[in-house]
Participant: 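Below you will find the structure I want to go over with you.
Just so you know, these numbers use all the heavy atoms, side chains as well, and skip hydrogens, waters and symmetry mates.
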Amino acid sequence: MEHSSTRAGTNAASTAVFFDVDDTLYDHLAPLREALMQRLHLPGTLPYEEIYHRFRYYSDLLSAEKNLSAVPAPEEVADMRRRRFMLALAEFGIFINEEQAEAAQAAYLDMQFRIKPFPGMVEMIQHLRDRGVIVGLITNGPEEHQMAKIKALQMESYVDQKLFFVSGGVGYAKPDAQLFQYVNKVTGTAPENCYYVGDSWRNDVVGALAAGWTVLWFNHRRAEPESEHKPHSIAENVEQLEAILMKLMV
């Protein structure tokens, strides 16, 4: 993915709000739950939100071990995707083999391209842009895969595509502060004028704080903090998030 500050057309004094994608713009749990129920025939009574948290944990952990979010290696990414299913489900007494994990991943992938933004998310982005705020996206993952999800969400209709930053295309991955610094360099913005909205404590809160950005933790799953870091604001739903952002943008 190539970017240039000239093409982005921003400047250091500009106010910018960048959003994470997975479980920030849309419900990332829904495709996982549907994949597990449909492909592995798991009952609907399982604690899917808890399973989701462990699934995300292993996804981030295994990716970080080999820097897969920044430098994707297809065979290793495929192995990570199988292992995260096996490890997460094992914690709940559900033991699957690699073939079952592969099947679950295929269904999960299919479901991810049927996603829709959280209600009110698109309107909030439009309200920010109406106020002259720069709006962009910063997400971890292979570039082609993440861009397919962004397209499924129809984000190109609301956000300048020059402001899509995918770790697999950039070469840095959250929580590495260099990814946020790269965004500042390419867009010509300053850290003190940049806000980041994300759901992941490890990737979004820790990473953006390290880069000197103002952090809004979109904690709609009411997760517990994982360290002593302090986000500047916390929102538990889209309405709260918009209220905080609009107050900050005054």
Side-chain angles (χ1 to χ4, degrees), residues 19-66 68-69 72-119 121-122 137-155 164 166-168 173-174 198-204 218-223 237-238:
F19 291 85
D20 170 50
V21 173
D22 295 322
D23 218 38
T24 295
L25 293 183
Y26 74 99
D27 182 1
H28 199 205
L29 167 59
L32 177 66
R33 180 178 55 238
E34 292 302 312
L36 292 175
M37 292 176 64
Q38 291 187 20
R39 191 58 57 92
L40 299 185
H41 308 294
L42 298 183
T45 54
L46 288 175
Y48 284 100
E49 190 148 4
E50 295 176 34
I51 292 172
Y52 172 79
H53 281 301
R54 301 311 293 164
F55 178 82
R56 285 287 297 272
Y57 169 79
Y58 284 115
S59 182
D60 291 342
L61 177 68
L62 297 171
S63 294
E65 284 179 354
K66 297 186 177 181
L68 297 180
S69 292
E75 291 185 3
E76 292 183 340
V77 169
D79 181 62
M80 176 276 291
R81 288 172 170 171
R82 288 189 296 267
R83 289 176 63 198
R84 65 184 179 180
F85 274 101
M86 298 170 74
L87 290 167
L89 290 174
E91 292 193 13
F92 298 86
I94 303 166
F95 301 96
I96 62 173
N97 57 35
E98 288 194 356
E99 184 178 351
Q100 290 172 309
E102 189 76 42
Q105 170 61 31
Y108 174 59
L109 185 65
D110 181 54
M111 298 293 179
Q112 282 190 321
F113 302 131
R114 304 180 191 180
I115 52 180
K116 294 182 180 180
F118 280 124
M121 187 63 70
V122 165
L137 308 178
I138 303 175
T139 180
N140 273 4
E143 184 173 30
E144 183 177 354
H145 180 64
Q146 292 303 103
M147 288 301 295
K149 286 191 281 190
I150 290 170
K151 184 177 181 180
L153 293 166
Q154 300 183 343
M155 279 295 116
F164 294 164
V166 182
S167 66
K174 300 179 294 182
D199 70 292
S200 169
W201 184 271
R202 178 184 181 276
N203 287 341
D204 302 328
F218 187 31
N219 189 24
H220 59 96
R221 300 203 185 278
R222 296 172 174 80
N237 54 53
V238 175

Participant: Evaluate Glu91 against Tyr58 for side-chain hydrogen bond (donor to acceptor under 3.5 Å, both in side chains), listing each step before the verdict.
Facilitator: CA-CA 11 Å; Glu91 292 193 13; Tyr58 284 115; 2.5 Å; yes
Participant: Let me confirm one number: the CG-CZ distance from Leu87 to Phe55, rounded to the nearest 0.5 Å.
Facilitator: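 CZ of Phe55 is found 11.0 Å from CG of Leu87.
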Participant: Which pairs would a plain distance check flag for residues 93-107, meaning a side-chain donor or acceptor within less than 3.5 Å of a matching protein atom at least two apart in sequence or in another chain?
Facilitator:
unit_1 : atom_1 : unit_2 : atom_2 : d
Asn97  : OD1    : Glu99  : N      : 3.1
Asn97  : OD1    : Gln100 : N      : 2.7
Gln100 : OE1    : Asn97  : N      : 2.9
Glu102 : OE1    : Arg82  : NH1    : 2.9
Gln105 : OE1    : Arg84  : NH2    : 3.0

Participant: Does the Ser167 side chain pair with the main chain of Gly141, one donor and one acceptor, at a distance under 3.5 Å?
Facilitator: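 Checking the backbone N and O of Gly141 against the side chain of Ser167, a donor-acceptor pair under 3.5 Å is found.
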Participant: Might you confirm whether atom CD of Glu75 has over 12 heavy atoms from other residues, nucleotides or ligands at distances under 6.0 Å?
Facilitator: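 Result for CD/Glu75: open.
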Participant: Between Leu89 and Leu40, is a side-chain contact (heavy atoms from CB on, under 4.5 Å) present by the stated rule, with each step listed?
Facilitator: CA-CA 11 Å; Leu89 290 174; Leu40 299 185; 4.0 Å; yes
Participant: Pairs in or reaching into residues 36-47: which pass side chain to side chain donor-acceptor pair (under 3.5 Å), with residues at least two apart or in two chains?
Facilitator: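 Qualifying pairs, neighbours excluded: Glu34-Gln38.
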Participant: For His145, which residues count as a ring pair (Phe, Tyr, Trp, His ring centres under 6.0 Å) partner, sequence neighbours excluded?
Facilitator: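 Ring pair (Phe, Tyr, Trp, His ring centres under 6.0 Å) check on His145 returns Phe113.
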Participant: For the OG atom of Ser63 and the CE atom of Met80, what is their distance to the nearest 0.5 Å?
Facilitator: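 Ser63 OG to Met80 CE: 3.5 Å, rounded to 0.5 Å.
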Participant: Quick check for you: to the nearest 0.5 Å, what is the distance between Asp60 atom CG and Glu65 atom CD?
Facilitator: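 The CD atom of Glu65 is 11.5 Å from CG of Asp60, to the nearest 0.5 Å.
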Participant: Before giving the answer on side-chain contact (heavy atoms from CB on, under 4.5 Å), spell out for Val122 and Leu153 the whole-Å C-alpha distance, their side-chain angles and the decisive distance to 0.1 Å.
Facilitator: CA-CA 10 Å; Val122 165; Leu153 293 166; over 6 Å; no
Participant: Taking the basic N atoms (NZ, or NE/NH1/NH2) and the acidic carboxylate oxygens, is any pair closer than 4.0 Å for Lys66 and Asp79?
Facilitator: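 Looking at Asp79 together with Lys66, the answer is no, because their closest N to O distance does not fall below 4.0 Å.
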Participant: Got Met121 and Val238 here, is their nearest side-chain heavy-atom distance under 4.5 Å?
Facilitator: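 Touching, per the 4.5 Å side-chain cut-off.
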Participant: Answer whether the closest heavy-atom distance between the side chains of Glu144 and Pro142 falls below 4.5 Å.
Facilitator: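 No. Closest side-chain heavy atoms not under 4.5 Å.
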Participant: Please report the C-alpha distance between Leu68 and Leu62 in whole Å, then the side-chain angles of each, then the deciding distance to 0.1 Å, and finally whether the side-chain contact (heavy atoms from CB on, under 4.5 Å) criterion is met.
Facilitator: CA-CA 8 Å; Leu68 297 180; Leu62 297 171; 6.0 Å; no
Participant: Has the side chain of Thr24 got a donor or acceptor atom that lies under 3.5 Å from a matching backbone atom of Asp199?
Facilitator: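 Yes: the side chain of Thr24 pairs with the backbone of Asp199.
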Participant: Can you tell me how far CG of Leu36 sits from CG of Leu42, rounded to the nearest 0.5 angstrom?
Facilitator: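 Between Leu42 CG and Leu36 CG, I get 5.5 Å after rounding to 0.5 Å.
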Participant: Using salt bridge (Lys or Arg N to Asp or Glu O under 4.0 Å) as the criterion, list what pairs up with Glu50, not counting sequence neighbours.
Facilitator: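 For Glu50 there are no salt bridge (Lys or Arg N to Asp or Glu O under 4.0 Å) partners, ignoring immediate neighbours.
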Participant: At what distance, to the nearest 0.5 angstrom, does OG of Ser59 lie from CG of Asn140?
Facilitator: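 One gets 9.5 Å once the value is rounded to the nearest 0.5 Å.
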Participant: Please find the pair of heavy atoms, one from Ala64 and one from Arg202, that lie closest to each other, and give the distance.
Facilitator: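 Looking at all heavy atoms of both residues, the closest pair is CB-NH2, 3.3 Å.
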Participant: How many angstroms lie between atom CG of Asn203 and atom CD1 of Ile138, to the nearest 0.5 angstrom?
Facilitator: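 Answer rounded to 0.5 Å: 12.0 Å.
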Participant: Would you be so kind as to tabulate the donor-acceptor pairs closer than 3.5 Å made by side chains of residues 25-33, with sequence neighbours excluded?
Facilitator:
unit_1 : atom_1 : unit_2 : atom_2 : d
Tyr26  : OH     : Asp22  : OD1    : 2.6
Asp27  : OD1    : Leu29  : N      : 3.0
Asp27  : OD1    : Ala30  : N      : 3.4
Asp27  : OD1    : Arg221 : NH2    : 2.6
His28  : ND1    : Tyr52  : OH     : 3.0
His28  : NE2    : Tyr108 : OH     : 2.6
His28  : NE2    : Gln112 : NE2    : 3.3

Participant: Could you pull out all residues at least two apart from Phe19 that satisfy ring pair (Phe, Tyr, Trp, His ring centres under 6.0 Å)?
Facilitator: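 Ring pair (Phe, Tyr, Trp, His ring centres under 6.0 Å) check on Phe19 returns nothing, list empty.
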Participant: Can you name the nearest heavy-atom pair linking Phe118 to Asp23, along with the distance?
Facilitator: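 Here Phe118 and Asp23 meet closest at CE1-O, 4.1 Å.
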Participant: Output, in order, the C-alpha distance, side-chain angles, deciding distance and verdict of side-chain contact (heavy atoms from CB on, under 4.5 Å) for Phe92 and Tyr48.
Facilitator: CA-CA 10 Å; Phe92 298 86; Tyr48 284 100; over 6 Å; no
Participant: How about Lys174 and Ser69: do any of their side-chain heavy atoms sit closer than 4.5 Å?
Facilitator: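 Counting from C-beta outward, Lys174 and Ser69 never come under 4.5 Å.
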